[in-house]
Amino acid sequence: MELSRRNFIKFVAGGAAGTALSPLPWKLTDDIAIWTQNWPWVPDPSTGEFTNVNSVCNLCPGGCGISVRKVDTRAVKIDGRTDYPVNPGGICPLGMGGLQLLYNKTIRYPGPMRRIGPKGKGEFVMITWDEALDILAKRISNLRKKGMPEAVAAVDGNQRMSTMSVMVERLLTSVGSPNYVTTPSIDDTYLISNLLLQGTDGPMSYDLENADYVLSFGCGLLEGWGAPGRVMNAWGLWHDSAGKTRAKIVQVESRASNTASKADRWVASRPGTDAALALGLAHVIIKNGLYNSRFINNFSFGFENWTSADGKDHVGFKSMVLDKYSPDQVAKITGLNPEDIVSLAKDFARAKAPIAIYGKGKDDLDGGVYECMAVHILNALVGNINKPGGVLINDPLPLSRLPEIKQDAIFKQGLGKPRIDQAGSLQYPFAGSLINNLTNKIIKSPKSPVDTILIFSANPVYTLPDGGAFKEALEKIPFVISFSPFRDETSYMADLVLPDHTYLEKMVDVVWPTGLQYPFYGLSKPVVEPLYNTRNSGDVIIELSKRIDSTVQSAFPWENFEGVLKARAKGLFKAGGLVTYDNMNPAWERKKYGNGSKHNYTSFEEMWTKIKAGGLWYQPVHGFDGWEGLFKTPDRKFEFFSKRVQLAVDEYAGKTTYKTALKNMGITVTGDQVCMPHYEAVSSDVNMSAYPLRMMPYEMINLASGWIPSPPFLYKTIFDNQLKGDLSFAAVNPKTATEYGLKQGDRVIIKSPAGEVEAGLSLSDGAMPGIVYLPLGFGHTAYDEFLRGKGVNPNEIIDAEKDPLSGHSVWWNTHVNLVRI
Amino acid sequence: MLPFCFEWLWGIDHIIFFGLLYLALVIIGLGLTFVGIKTFLQVVGILWEKDM
Amino acid sequence: MDSVLIPAGVKRCSLKLFLLWTLPWLGLLAWGALSAFLCLWKGLNQTNMTNYFAFAVWIVFDLSVIALGAGAFFTGFLTYIIGKKELKDIINIAVIIGFICYSGAVAMLGIDIGQPIRGWFIFWHANVHSMLTEVSFCITCYLVVLIIEYVPIILANRKLDEVPDFHLFGNNLHRIMAVFAATGVFLSFFHQGSLGGMYGVMYARPFAFREGFYVWPWTFFLFILSAIASGPSFLILCTKLVQGITRKKLVPEKAFQTLAKISGWLLASYMILKIADTLGWIYGVIPKAGMTFMDFFSEGPYGVWLLICEIIIFGIIPAVILLIPKARQHQGWLITGCLMNCTGIVLNRFVLTIVTLAIPVMPFDKFVSYLPTWQEWGISLALIGFGVLVVSLSYRYLPVFPKEAELNPVAE
Amino acid sequence: MKKGHDQGKHKYGMVIDLDKCTGCGTCMVACAAENNVSVRPDESDKQRSIAWMLLYKIDNGKEFPDTETSYFPRPCMHCDDNPPCVSVCPATATKIDYNTGIVSQIYTRCIGCRYCIAACPYHARTFNWWDGYFPKGKGLDRYLSPEVSPRMRGVVEKCSFCHHRLMRAKDQAYAEGRKELKEGEYITACAEACPAQAISFGDLNNPGHKVSRLSKSPFAFRILEKLGTNPKVYYLSTKDWVRKMADNYLPGEFKPVSKASASADKKTTLQGG
């Protein structure tokens, strides 16, 4: 007994000592420590050979050059290209996050899909491309057989003039439907005002880099306006203390956006009064004789009072402005001080290279035509058109036209029918397409006039500022086809999804980024092999045409999309341009043609290979400075008084009465003013006492609000007074908040005639009193856990008016009320 | 911690720090061993008369 | 039925009652165990700690219990090295409390770090310039010492004591206890100090930063002093508590008085230095950082009142109470004094951890607030449950209080 | 014990021109993409989300329409000589290399005690409260770069001045038989990505480099300079209110840089609303 216990104790003690001294415990401790350093659930990226593939980003029409770093077949990083004219080096946050769009499986369609669940639920089954194309082709050819090809419609989100958009329009035309509509873009506004003032059909070309005074009317220069890579680079140049004299930047905007805050001068005028302000500045400039008389006298029309052929006297722009837009009158409209308007006008007119630019935030949406014209007039007054740092006049990119389409009976009959959206009609003579009209027509009519709608590179259900009307329309349209590669809100409504490649998997062109001042053509190339069973929509259209019928097929004689790209690029070869870029030699530096425009190719094929390799074709900014034969208006002059408008109004008036014509066109003034840029107060029949405040959506460079979803990376850059958890915040001025007894962080319902959304309240002195600012880009109902249900989408409550003359939607002026929860 | 571990520096700070540390450990260790051995010897009855 | 284990000549409550008493504390332990499991399994996202509040309630608890646990080494020091006989009657409970505080603290630290399994890197890849390294080394070593000091007490259990080997071992251990005590004192001094140093060296955090002597900022010495000032008070409180619960006199009053007196003197001297340090900080460190004293309290719930509480209400007042013999002989005042003393020290540790981290340094940075999750509370409170259980068990089965039998003769 | 840096060969640093900075956040995204920083479904909890490069938005506190905002892009300051975080790390998991000035963080060594986070006044260090978010089958792990090891839960991470890019550049130079790097061969991802060229990166010890010129500009300053952390990240701004934001000043202590700056600083806003 004694012994055994003692032995037992000895044994225990010895055992303990033994293990402690043995390496075992130490080895184990070490091993599990090593295990924590290689946890199986911590990803371990495979390595391999590193390569860089040059391409072009086309997440927006900006067309920045990108260089994608690859490890074997994986793309691991996107960087900006320094050997690219648009964006020397940098890119925007969206482009930087692109790989998350490519590789996030849960937001992409792995192949063609047929809907099985109810519309909007996003329940699909995968089918083969054969089935998918057959279903669609049958549907279209049946409509053609039935003699109602116009029941086919398409919504196209591709950039204007890009080969994809040409293909889509061509498909519709060849099928015989006039109902090709595009998603809104400022480019429409630019095109119209250029046409009316200058008679030119080229893109708006702002020579920003060479300007020394930039007067921006609402352009979100730092919010993603134009080509972000290019504009932000310009911003760097303007503020480079080492470089040339710093340019002065003036921002006209109601909210302290990044642009307004970072500008040298922030002009906080009431939203929608840009035209008044511009004309007020014109008033001062004219009154003080600060305008360029050489330009005015020799190259403009309608400045002074004039008498028309029929002997009628007409008021000139000068007398209109002097009479109606004195600083005091304008001050009343804009809420600014008269003195400030005067000083602003003088600063502008006295600058060496001043430029007045017009926009609305990112320019993903329309602007006002009269506003745009009024702003552009300022450039005319100081004669800064086709001059360094001014507005340049360019022809459209010299791309070859595609061969004429063979016309058959169905074709003629279909195209004979009026567009459902009335674009180009007497009422909307200048509009190219009016998607809101289409929507309303479909909603209003008992049976949808559209039977089959094809949606390309667009997510209108989410992006259209129409209070959710487009979604309602889709509910009514019998057959909806989406070509989106992403599981977005619109494709959730689709009966058939024919997923496109993402931008890193396909070859597609970028045609003249918005606002760029020199001819530019970018060509992206596949950076990685397509990850899933998707197809380039261009190829799909060609394949589809084959299956519809021979007439339609005859419109697409190419075997693939690249064939079409090449066919159009022929024109570039004729025009001759550079296909390589040396960043010592910026494309915007004018060198009297000296800019090495001697190109380094001899045959088209050679040029094409080089374009494919470098992803770019451009002509350096043209150096000539002269106004001879620039303008293509009826009388070859810059028209302060637009004869085109006059004709249009008269024609329409001929059909009805002058009054109703103006009324339907949304014009409140009469007489000669109608044909001149003037200020139109936003009309609205909303009961102001019920909706005393106004809601303006605002855009951010670091949040995608277009059809491309935000890469999750971007949410790291969003501040927690913009999004917290699932609550997005409306920015409101503290004064306004106290008026309504609201305080920082309150949850509120924002009510408009079109609906209501819930948001948090974030007090900000950067917000104009009386206005509620809601961020665009939140409130997705599709995609995955990163985006779904985060915040609200202001578009849902936007109740848009119509812009005079163009009929575009006025999306930035919704009357709302705040209710605390 | 030990001279053959790569953080080890023959710097004054290391020597002081670890010097004191090891000193403490040694004292504790020796103390325990002493008590252990003493007890053992007492138990088996050699040396030390059991004082209890 | 467990009577065989109960020390001879003393009375204990029935086993049933005892088990009943342990229930709530076991409950706390269970809560703590669950929390610990979650934190280890899912990670520290189970807490409300953030990149602003990198240290939180756990560290406050750690610092506090370690300060209060200082009673152990200091009483040991007084008993074995200075040779204050009367403290022999209280040294056991002192050791036990020390053991509880330190083992608890070490356990909490184990959960507090993001990679517990790599905890030993502190030793293996030690960075000798880090106060935290010093802390870890000393605490671990001192915990060993405490165990060594605790062992004889356990071996003195009636049943174990029957085993001659144990008996001998315990005795022998007890004989050279002075050696261990001395080592313990050395170790404790250093880790108490380096705990304070941890904050004093953060020179980019003006709220915590202090000038100092050689590598040691003043907080190093202040922490030692405040620990040994509050330790004895805590010891008094705990013992009084045990006496209250057991409704017995377990320790002669003399022991309490000695401790109280010492505690008082130390607290007084600590206060003088603390005030000097605070002034030096206000007129030295803060202006150098471009701030004024009041800047720290411009936002958030923490205000000057914290300092006033810490220094005047829970510093000077208890010092005075404990220094006046008449006052400390009065039970009520004695308890109050000790209580306030301990509160003051806990407050000090709280301010140095939480407030330091809560106050933004960059002018454009913002004040963020923090509230612990139930997991954090669980682990913190488990420490208390653990403590009560250990004391209860020790009291029931071990001759913790040598004088108990004599003070409470069991009526036959 | 306290080693100075001056004997160091290179001293890589950054200069950020706040007049050029547009607050677009590309630097943050570029950084996260370059360094395999995990993105969680909810990134709105800013106290817990991980960002090596972080944008701070500041404003001049004036009322509409005189209010003005600006941004502070904040990478790790890579404090020189004796960084507050390095000396406190118990496990030597973070070090400063005196030949480059780069303050490194060894994730596999870090035990997650977060002492360094407490010691850093810039909040440049963030803790991995969760495991990285790369759900199986989602495919997001496909863009991870093998040059930067993804972090595990429970460790601290921070900006490394894209140390792997230095390695890359060195290899390149070595392959071309060069010992020294040319200016611009090694720059951080944020500097490369900035669309406004607001961020310059280079060797502060090399007078030829842009950064060492800019860092001596009268408009140059650093955040919390007074604390003696000696950051290697400089900022430029002609606006006094912005410069004043960068450090704590006793009343009357702040000195506007110069008349020139004062005029450049004057921003006029026209009354509206």
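So that the names make sense, note that chain A is the first sequence line, chain B the second, and so on, each numbered from 1. Keep in mind that this is a model prediction, so the values were computed, not measured.
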Only pairs of heavy atoms separated by less than 4.5 Å count here; which of Pro84(D), Ala119(D), Cys79(D) has the most with chain C? Pro84(D)

Please name the pair of heavy atoms, one in Asn127(C) and one in Ser87(D), separated by the smallest distance, quoted to 0.1 Å. ND2-O, 3.2 Å

Closest non-hydrogen atoms of Ala204(C) and Leu227(D), given as atom of the first, atom of the second and distance, are O-CD1, 3.4 Å

Applying a heavy-atom distance below 4.5 Å, give me the residues of residues 34-48 of chain D that approach chain C, sorted by number. Gln47(D), Arg48(D)

Which bit of Tyr249(D) is near chain C, if near means a heavy-atom gap under 4.5 Å: side chain, backbone, both or neither? backbone

Counting only heavy atoms closer than 4.5 Å, note whether Ala246(D) contacts chain C via side chain, backbone, both or neither. backbone

Which answer fits Tyr199(C), side chain, backbone, both or neither, if we ask what part of it has an atom under 4.5 Å from a heavy atom of chain D? backbone

For Thr108(D) versus Phe121(C), what's the shortest heavy-atom pair and its separation? O-CE2, 3.5 Å

Test item: Met131(C) and Val88(D) side chains (from C-beta on) under 4.5 Å apart, heavy atoms: no

List the atom of Ser130(C), the atom of Cys89(D), and the distance in Å for their closest heavy-atom pair. CB-O, 3.6 Å

Any heavy-atom pair between the side chains of Lys42(C) and Trp130(D) that's under 4.5 Å? no

Testing the basics here: between Pro90(D) and Leu132(C), what is the closest heavy-atom pair and its distance to 0.1 Å? CG-CD2, 3.7 Å

Using a heavy-atom cutoff of under 4.5 Å, enumerate the residues of residues 44-56 of chain C that contact chain D, numbered in order, or state 'none'. Leu44(C), Asn45(C), Thr47(C), Asn48(C), Met49(C), Thr50(C), Asn51(C), Tyr52(C), Ala54(C), Phe55(C)

Contacts with chain D made by residues 282-292 of chain C (heavy-atom distance under 4.5 Å), listed by residue number: Pro287(C), Lys288(C), Ala289(C), Gly290(C), Met291(C), Thr292(C)

If you round to the nearest 0.5 Å, how far is CD1 of Ile122(C) from SG of Cys113(D)? 6.5 Å

Let me know if Cys85(D) has heavy atoms under 4.5 Å from chain C in its side chain, its backbone, both or neither. neither

Between Val155(D) and Arg118(C), is any pair of side-chain heavy atoms under 4.5 Å apart? yes

Segment of Leu357(C) engaging chain D (4.5 angstrom heavy-atom cut-off): side chain

Enclosure of Lys138(D) NZ (heavy-atom neighbours >12, cutoff 6.0 Å): yes

Would you confirm whether Arg114(D), through its side chain, and Ile113(C), through its main-chain N or O, come within 3.5 Å as a donor-acceptor pair? no

Quick check for you: among Asn248(D), Leu250(D), Thr229(D), which has the greatest number of heavy-atom pairs under 4.5 Å with chain C? Asn248(D)

Among Met152(D), Lys226(D), Arg153(D), which has the most heavy-atom pairs under 4.5 Å with chain C? Arg153(D)

Option that, when pairs with chain D are counted at under 4.5 Å, heavy atom only, ranks first among Leu109(C), Asp365(C), Val201(C): Asp365(C)

Give me the contact list for residues 366-377 of chain C versus chain D, heavy atoms only, anything under 4.5 Å, ordered by residue number. Lys366(C), Val368(C)

Closest heavy-atom pair, Ile117(D) versus Arg205(C), reported as atoms and distance to 0.1 Å, is O-NH2, 4.1 Å

Region of Val86(D) in contact with chain C, defined by heavy-atom distances below 4.5 Å: backbone

Atom OH in Tyr115(D), atom OG1 in Thr133(C): separation rounded to 0.5 Å? 9.0 Å

For Tyr122(D), which atoms come within 4.5 Å of any heavy atom of chain C: side chain, backbone, both, or neither? both

Would you mind checking which part of Leu224(D) comes under 4.5 Å of any heavy atom in chain C, side chain (CB onward), backbone (N, CA, C, O), both or neither? side chain

With rounding to the nearest 0.5 angstrom, report the CH2 to CZ distance, Trp124(C) to Arg109(D). 11.5 Å

